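Heads up, the thing below is written out as structure tokens.
Model, not experiment: these values are computed from the prediction.
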Amino acid sequence: MPRIIQECVERIKGSIDIVELIGRYIQLRRAGNSWKACCPFHNEKTPSFHVNPARQAFKCFGCGVGGDGVKFLMMFENLDYPTALRRIADINGIPVIEEEENPEAARQRQLRSRIIQLNTLAADYFHRKLCRDQAAAHVREYLKQREFNIDIAKAWELGWAPPDFRELADIAASRGMNTRLQTDAYLLGSSSRGPYPVFRDRLMFPIRNVRGEVVGFSGRVMQADQDPRKYVNTAETAAFRKGELLFGLHKATGPIGKAGMCVVVCEGQLDVIACHEKADIRNAVAGLGTAFTDEHAKMLHKYAKKAILCYDGDNAGIKASEKTFRKLAQVGMEVYQAPLPPGEDPDSLIKHSGPDALRAAIDAAKPYLELRAGLELAAVRDTNDRAALIPRMADLAAEIADPNRRDVAVVDLATRLNTGLDSFRTTVNDIIRSRKEDTRRDFGTRDDTPYPDYEEDAPYEQAADAPPRRVVPIRIHPSILHIITLAAGHKALQNLFVERIEDLQEPIKNLPGGQILQRLMETLPEPGNDEQWRQFTASLTPEQAAGLKNISNAPLDVGDDLQGYVNSSCEHAARDTIKAELDSLGTRDRDPALTPAEHKEIADRIQELRKLLNESSKTSS
């Protein structure tokens, strides 16, 4: 992320009204010339948290924390220093001025901005279609049956994507947003027969990042026979990373703080909207039709310390909640589960029993392991079942990062399972030790793990005291790994690959490890410069960095035919991208739900790709 120039930093800090800023997150009461509240950073009944507008500072006389508005935002939302500055700049309308970026990073930033502009235009268009177009009557009827009224539709800017994309395409083109940009935003897809609309006759949910920018869409099919995919989400773009986005978070950050740093985690968009609008539970969020990821957990931990899982009360919901529990427990969050009736989700529970029933279920939420142990014990039939249950619950308890909280859970579970405490604690500790050893084998010891640098003028640094979890290196495709190796060790080759970045976009998007290559092309670490290489690997996820454990930035001697290396590498990557699509199409073609027309479309595409592959092979030989 480019560094904000110092003059701009001072302007952002000077724009802060600390009473107004902190008042967004907690309820303040005037006390003479200052304001006070119960401290949001520790439990207390008597207010000892004071905000002084004259000094533009806060201080808690109970736990001792204090500082300026930037420090409060960093602590309350668990943000780093530059992100907190950017958040305040957004709130106060201060343009952020940064130091110079490299050309590729600038191009990506500009593309991201243009995609967001186009998405904002599309969201308004889809919303108007839903509200006014006669052809959207069936979508309005669907929302009516689900008891989502026009006010809710407006509050969340719900929309309808018509089957014909030409009207939106023309509107976008009239504003300088061409077909290429529409494809980059994944509003249009590409096929052998030309571009086609990705979203056709779907209920549209604009997906916003935490800053409220429309970065993509999720579309729900209205007629199941049109498409077996119930939901279609925007693919990876310069603005959209599904695994890093949580639906509703842009509305929930303030309510999460006011709810005692507690977030309600649902499975779907409609559940989140129902929580917010029907039950006044405004601290609810959800993933985007995908498994809860490490990135989701890390992001959520910036805003909340406690999560209440509000998943469907059936077996599938319970299984999904286990995956989410593991991710959230690993980052140090307290994880609870709301006991919904079997077969009910938040929206259906509100419809059948009213909003009070959902609020009561959330109020009755219990620690996840306590509820899970009860469910498991209810299914135990004999001593063999009980013996198998003990290591299974120990494995879950071992996910809890905080050692004190973990030991409390161990004691509680040993009691519930009617097993020896020492034996159960040993089982948990053995699992933790095994994971640590796996981590060291995969990525070296904890001390060797690269961490991002903090800003020099950051007020404080957070301690990384949670035990390490096992990091599984991602698989990097050989073509991508070859290019990374060359670019990491040879500056001239690095520059030549940057010039061919357009040719590498499809391999980057479609081959495993492509995002690492994308990041390398953005940061351009100098070959042989260990500090720059360390900063580059620190900017990756642990899984990505672990995938590069055998790659170094030591200078390479590759001879004189540099252009030949680049041409060959790009050609191999292009061919492997075609092979990857062929493999994907072959898998999809085995889906029994496909119609004859869809089978034919796949067969035509396979034939076209094989032709391209043959032509590519002849050219390279």
Report task. Determine, step by step, whether Arg282 and Asp280 satisfy the side-chain contact (heavy atoms from CB on, under 4.5 Å) criterion, reporting the C-alpha distance in whole Å, the side-chain angles of both residues, the deciding distance to 0.1 Å, and the verdict. Result -> CA-CA 6 Å; Arg282 300 189 179 273; Asp280 198 30; 2.8 Å; yes
Query raised in the report: Checking Asn283 side chain against Pro255 main chain: does a donor-acceptor pair fall under 3.5 Å?
Result: no
Query raised in the report: Regarding Gln117 and Arg114, is there a side-chain donor-to-acceptor distance under 3.5 Å anywhere?
Result: yes
Requested in this report: Provide the closest heavy-atom pair for Ala238 versus Gln108 in the form atom of the first, atom of the second, distance.
Outcome: CB-OE1, 3.7 Å
Query raised in the report: Charged N to carboxylate O below 4.0 Å: is that the case for Arg86 and Asp90?
Result: no
Query raised in the report: With a 4.5 Å heavy-atom cut-off, do Leu309 and Phe292 have their side chains touching?
Result: no
Query - Matching residue for Tyr142 among Arg146, Lys144, His138 - test: side-chain hydrogen bond (donor to acceptor under 3.5 Å, both in side chains) - result: Arg146
Report task. Decide, yes or no, whether a salt bridge links Asp347 with Lys278 under the criterion of side-chain N to carboxylate O below 4.0 Å. Result -> yes
Query raised in the report: Roughly how far, to the nearest 0.5 Å, is CG of Asn119 from OH of Tyr125?
Result: 15.0 Å
Report task. Check whether any side-chain N or O of Lys351 sits under 3.5 Å from a backbone N or O of Gln145 as a donor-acceptor pair, and report yes or no. Result -> yes
Query raised in the report: Counting only N and O atoms by type, is there a donor-acceptor contact under 3.5 Å from the side chain of Glu267 to the main-chain atoms of Asp312?
Result: yes
Query - Check: Asn149 side chain, Asp151 main-chain N or O, donor-acceptor pair, under 3.5 Å - result: yes
**Report entry** Side-chain donor/acceptor of Arg140 to backbone N/O of Leu130, under 3.5 Å
**Finding:** yes
Requested in this report: Could you tell me whether a side-chain N or O of Gln505 sits under 3.5 Å from a main-chain N or O of Ile501, the two making a donor and an acceptor?
Outcome: yes
Query raised in the report: Closest approach of Ile350 and Leu358, non-hydrogen atoms and distance?
Result: CD1-CD2, 3.6 Å
Query - Note: Asp124-Arg128 ion pair, threshold 4.0 Å (strictly below) - result: yes
Query raised in the report: Would Phe126 and Phe217 count as a ring-ring contact (aromatic ring centres under 6.0 Å, His included) if you check the C-alpha gap in whole Å, the side-chain angles of each, and the deciding distance to 0.1 Å?
Result: CA-CA 11 Å; Phe126 293 143; Phe217 294 92; 5.4 Å; yes
Query raised in the report: For Lys242, does its backbone N or O pair with a side-chain atom of Glu236 as donor and acceptor, under 3.5 Å?
Result: yes
**Report entry** From CA spacing to verdict: side-chain contact (heavy atoms from CB on, under 4.5 Å), Val70, Lys13
**Finding:** CA-CA 8 Å; Val70 180; Lys13 287 183 174 180; 4.3 Å; yes
**Report entry** Stepwise side-chain contact (heavy atoms from CB on, under 4.5 Å) test for Leu249 and Ile256
**Finding:** CA-CA 9 Å; Leu249 185 58; Ile256 287 171; 4.2 Å; yes
Query raised in the report: Is there a donor-acceptor contact under 3.5 Å linking the side chains of His296 and Thr293?
Result: yes
Query - Residues Lys251 and Glu277 bridged, charged N to O under 4.0 Å - result: no
Query raised in the report: Taking NZ, NE, NH1 and NH2 as the nitrogens, is one of them in Arg605 or Glu608 under 4.0 Å from a carboxylate oxygen of the other?
Result: yes
Report task. Indicate the ring-plane relationship of Trp156 and Phe247, choosing parallel, tilted or perpendicular according to the 30° and 60° boundaries. Result -> parallel
Requested in this report: Please determine, by modelled atom types, if Glu506 and Thr577 share a side-chain donor-acceptor pair under 3.5 angstrom.
Outcome: no
Requested in this report: If the plane angle is over 60° it's perpendicular, under 30° parallel, otherwise tilted; pick one for Phe76 and Phe72.
Outcome: parallel
Query - Closest approach of Gly216 to Phe240 (non-hydrogen atoms, all atoms of both residues) - result: CA-CD1, 3.7 Å
**Report entry** Closest non-hydrogen atom pair, Phe497 against Ala487
**Finding:** CD1-CB, 4.2 Å
Query raised in the report: Charged N to carboxylate O under 4.0 angstrom, Glu522 versus Arg519?
Result: yes
Query raised in the report: When you measure from the side chain of Gln182 to the backbone N and O of Met177, does any donor-acceptor pair fall under 3.5 Å?
Result: yes
Report summary line: Between Ala284 and Cys266 the two heavy atoms that sit nearest each other are CB-SG, 4.3 Å
Query raised in the report: If every non-hydrogen atom of Arg202 is compared with every non-hydrogen atom of Val221, which pair is closest and at what distance?
Result: NH1-N, 3.1 Å
Query raised in the report: So how far is it from Asp201 CG to Trp160 CH2, rounded to the nearest 0.5 Å?
Result: 6.0 Å
Query raised in the report: Is Glu502 salt-bridged to Arg180, cutoff N-O under 4.0 Å?
Result: yes
Report task. Supply the atom-to-atom distance Glu20 CD to Ile91 CD1, rounded to the nearest 0.5 angstrom. Result -> 8.5 Å
Report task. Check whether any side-chain N or O of Asn233 sits under 3.5 Å from a backbone N or O of Leu288 as a donor-acceptor pair, and report yes or no. Result -> yes
Report task. Given side-chain contact (heavy atoms from CB on, under 4.5 Å), test Ile12 with Asn92 step by step and report yes or no. Result -> CA-CA 8 Å; Ile12 293 170; Asn92 295 331; over 6 Å; no
